[in-house]
Amino acid sequence: MSVIDPRILRDEPERLRESQRRRGGNPDSVDRLAMLDKLRREQQQKYDDLRSSQKSLSKEIGPLQGRVKKGDASAQVELDALMAQATTLSDDVKAAEAVVNTTAEALAAAWLEIDNLVDLDAPVGGEDDFVVLEHTGTPRDFAAEGFEPRDHLELGEMLAAIDTERGAKVSGSRFFFLTGDGALLELALLNLAMQQAVGNGFTPMIPPVLVAPSAMEGTGFLGQAAENVYRLPEDDLYLVGTSEVPLAAYHSDEILDASTLPRRYVGWSSCFRREAGSHGRDTRGIIRVHQFDKVEMFVYTTPEDAVAEHARILQWERDFLDALEIPYRVIDVATGDLGSSAARKFDIEAWIPTQGCYREVTSTSNTTEFQARRLATRMRSADGATRPVATLNGTLVAMPRVIVSILENHQQADGSVRIPAALQPFLGGRSHLLPR
RNA sequence: GGAGGGAUGGCCGAGCGGCCGAAGGCGACGGUCUUGAAAACCGUUGAGGCGGUAUCCCCGUCUCCGUGGGUUCAAAUCCCACUCCCUCCGCCA
C-alpha cells in the first residue's frame with residue numbers, strides 16, 4: 001500500500017524529497033522508503049520463484065501416489081525422492097515468505113509516514129507564511145457608531161444563547177450549552193447550509209462519529225494530529241474530529257464508476273477535539289471547544305478535476321459567508337501548515353471585532369489521491385482502467401465560530417443582534433435576537 | 001447478554017485436500033441476425049504485486065474465496081482464534 005504513486009518514488013524521488021522539504025520535514029525518509037521498496041521487490045521475486053517450483057512439484061505428487069496405490073514399486077521410489085525435495089522446498093518457501101512479509105510491513109509503515117505531495121503552487125514556509133488572496137466585506141467601525149463592541153460570550157449570555165459556565169460544570173472546560181435562541185441559531189444555520197448544499201448537488205449525510213482505526217488512519221489523522229483525537233480503548237474506536245473521516249471512508253475498498261463522478265456529499269455531525277497543546281489559548285467563549293457541530297462538504301472526483309473542484313468548494317464556502325454578511329479574507333495556507341494529507345489548503349478567516357483580527361472559520365483541502373490510496377477508493381474509467389480517485393473536503397459551517405462571527409459582527413449598541421436576511425426564514429422571520 | 005446460522009467474483013449461487021481464480025445463472029460489454037429494437041445464438045467479462053525492449057496492447061509469474069494463525073509436499077476445501085452479517089430470546093434509546 002503506497003500513499004502516493006510508487007512510480008514517483010522509483011522514477012522521480014527528487015519530487016518526493018522536495019515535497020518533504022517544503023513541508024519542513026525530513027527528505028531522508030524518502031531514501032529509506034526507496035531502499036525498502038527495492039528490497040521488497042527483490043525478496044518478492046525470490047519468493048515467487050520458489051513458490052512456483054513448489055507448485056509444479058506438488059502437482060506431480062498426486063498422480064505418483066495413484067500409481068503407488070496400484071502397487072507400482074518404481075513409483076514408490078520416485079515418490080520418496082519427490083517428497084524429500086518437496087519438504088525442503090516447503091521450508092524454503094516459508095522462510096522466503098517470512099522475509100518478504102517483514103520487509104513489506106516495514107515498507108507499509110514507512111509509506112504511512114510520508115506526507116502527501118504538496119501542490120507546487122502552494123506558498124512555501126511555515127504557519128505565518130500564508131498568502132492572503134482576497135478580502136471581502138468591510139469590518140464595522142464601532143468607534144464611529146459610538147459604542148464599544150461586546151465579545152461573543154457577553155452577547156451570548158445577554159441573549160441567553162450560550163452557557164459556558166454550566167458547560168464547564170457538567171463536562172469540564174471547553175464545553176458549552178447552546179440555549180434558547182443559541183440552539184435555534186445553530187439549527188437555522190444548519191438548514192441554510194443544507195439548503196445551499198443540496199441546491200449545489202450535494203447528497204446530505206448524517207454519518208457515524210465513532211469510527212474504526214482504519215478510517216482514522218486512512219484519512220491521515222493518526223499522524224502528527226493523533227494527539228488531538230479522542231480514543232475509546234475499550235472498544236478500539238475513535239471519536240472523529242470532523243465528518244471528513246466517515247465520509248472519506250464511506251467508499252473505502254470500492255471502485256466507483258467514472259461516470260458517477262464527481263460525487264458530492266455534505267455531512268452534518270458533531271466533532272470532537274482534545275485540543276492538546278492549546279492550553280491557555282482561546283479559553284474564553286466558544287472559539288476553541290472540545291465538541292461542536294459542523295457541516296462539511298466532501299467530494300470524490302477525478303485527479304484531473306481536483307484543482308477545479310477545489311476552487312468550486314472555496315466559492316461555495318464564500319457564498320455561505322456572503323449570505324451571512326460576515327467580512328472575511330481568504331488565505332492560501334503555506335506548505336508547512338498543510339497537515340499530512342493536503343496538497344493545498346485554503347482557509348477563510350472571519351473578522352472578529354473584539355479581537356481585531358481574522359480567525360479561521362472554514363478550511364478546504366485538496367487531498368488529491370492521498371486519502372483514496374490509503375482507503376483503497378478507486379475509479380473505473382470508460383476504457384476499463386482502474387486508478388485512485390481524488391478527494392476534497394471543505395467546511396460549510398463550523399457552528400461555534402460562525403455563531404461567534406454573527407454575534408460580534410451584527411451586534412447592536414443595546415446588545416441585540418441583527419439576523420442576516422438569508423437566515424431570517426429559518427428563525428421564524430425575526431429580524432433580531434433580543435437580550436432577555 | 002444467551003442460543004443458532006452464515007461470510008466465495010458486479011449480483012445470485014456451486015465447490016470429493018491436488019486437474020479451482022474458482023461450475024452454473026443473472027447483469028454488463030462485443031458480435032451474428034434485423035430497416036431499427038427485442039428475442040435467439042456466439043464470444044468477452046474480478047483486483048493487485050513483480051518481471052518481460054512493457055505508461056496502451058500482449059506474455060510470464062505470484063497473491064487474493066471475511067481477517068489472522070495452524071496442519072499438509074499441496075488448503076476456497078481440514079483445525080483454531082477473531083471480525084462482521086442474519087434469525088430467535090432477553091434488555092433498552
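Lettering follows sequence order; numbering is per chain, from 1.
U77(B) and U71(B) are spaced 13 Å apart, taking the C1' atom of each and rounding to whole Å. For A81(B) and A23(B), the C1' atoms lie 32 Å apart once the distance is rounded to whole Å. For the C1' atoms, the distance linking G13(B) with C20(B) amounts to 16 Å, nearest Å. Spacing between C12(B) and G27(B) at atom C1', rounded to whole Å, works out to 10 Å. For the P atoms, the distance linking C16(B) with C89(B) amounts to 35 Å, nearest Å. For the C1' atoms, the distance linking G10(B) with C65(B) amounts to 16 Å, nearest Å. Comparing U72(B) with C56(B), their P atoms sit 43 Å apart, to the nearest whole Å. Spacing between G31(B) and G52(B) at atom C1', rounded to whole Å, works out to 33 Å.
Applying the 4.0 Å criterion to OP1 and OP2 of A47(B), one finds that Arg380(A) has a side-chain N or O inside that range. Note on Arg378(A): every side-chain N or O is 4.0 Å or more away from OP1 and OP2 of A47(B). Between Ser90(A) and U72(B) there is no side-chain polar atom (N or O) within less than 4.0 angstrom of OP1 or OP2. Between Lys94(A) and the phosphate of G69(B), there is no side-chain N or O to OP1/OP2 separation shorter than 4.0 Å. The side chain of Ser52(A) contributes an N or O atom lying less than 4.0 Å from OP1 or OP2 of C62(B). Taking side-chain N and O atoms only, Gln54(A) has a distance below 4.0 Å to OP1 or OP2 of A74(B). Look at Arg7(A) and you won't find any side-chain N or O under 4.0 angstrom from OP1 or OP2 of G49(B). Checking the phosphate oxygens (OP1, OP2) of G51(B), a side-chain nitrogen or oxygen of Arg41(A) falls inside 4.0 Å.
Residues Leu392(A) and Ala306(A) approach most closely at CD2-O, 3.3 Å, considering heavy atoms. The two residues Pro303(A) and Pro388(A) make their nearest non-hydrogen contact at CG-O, 3.7 Å.
Note: CG (Asn101(A)) to C1' (C64(B)) measures 14 Å, nearest angstrom. What separates CD of Glu60(A) from C1' of C73(B) is a distance of 11 Å, to the nearest Å. When the P atom of A74(B) is taken as reference, atom CZ of Arg51(A) falls 8 Å away, rounded to whole Å.
Side-chain to base pairing of Asp48(A) with G51(B): no donor and acceptor N or O lie closer than 3.5 Å to each other.
The aromatic rings of Tyr300(A) and His251(A) stand perpendicular to each other, their planes meeting at an angle above 60°, with 30° marking the opposite boundary.
Nearest to the side-chain atoms of Gln45(A) among the listed nucleotides C62(B), C50(B), G18(B) stands C50(B). The side chain of Thr386(A) lies closest to A47(B) when the candidates are A75(B), C50(B), A47(B). Nearest to the side chain of Arg40(A), among C50(B), C73(B), C62(B), sits C50(B). For Lys55(A), counting side-chain heavy atoms from C-beta on, the closest listed nucleotide (C62(B), G18(B), C50(B)) is C62(B).
His290(A) and Phe176(A) have their aromatic ring centers separated by at least 6.0 angstrom. A distance of 6.0 Å or more separates the ring centres of Phe175(A) and Phe177(A). Aromatic rings from Tyr230(A) and Tyr238(A) are positioned such that their centres are separated by 6.0 Å or more.
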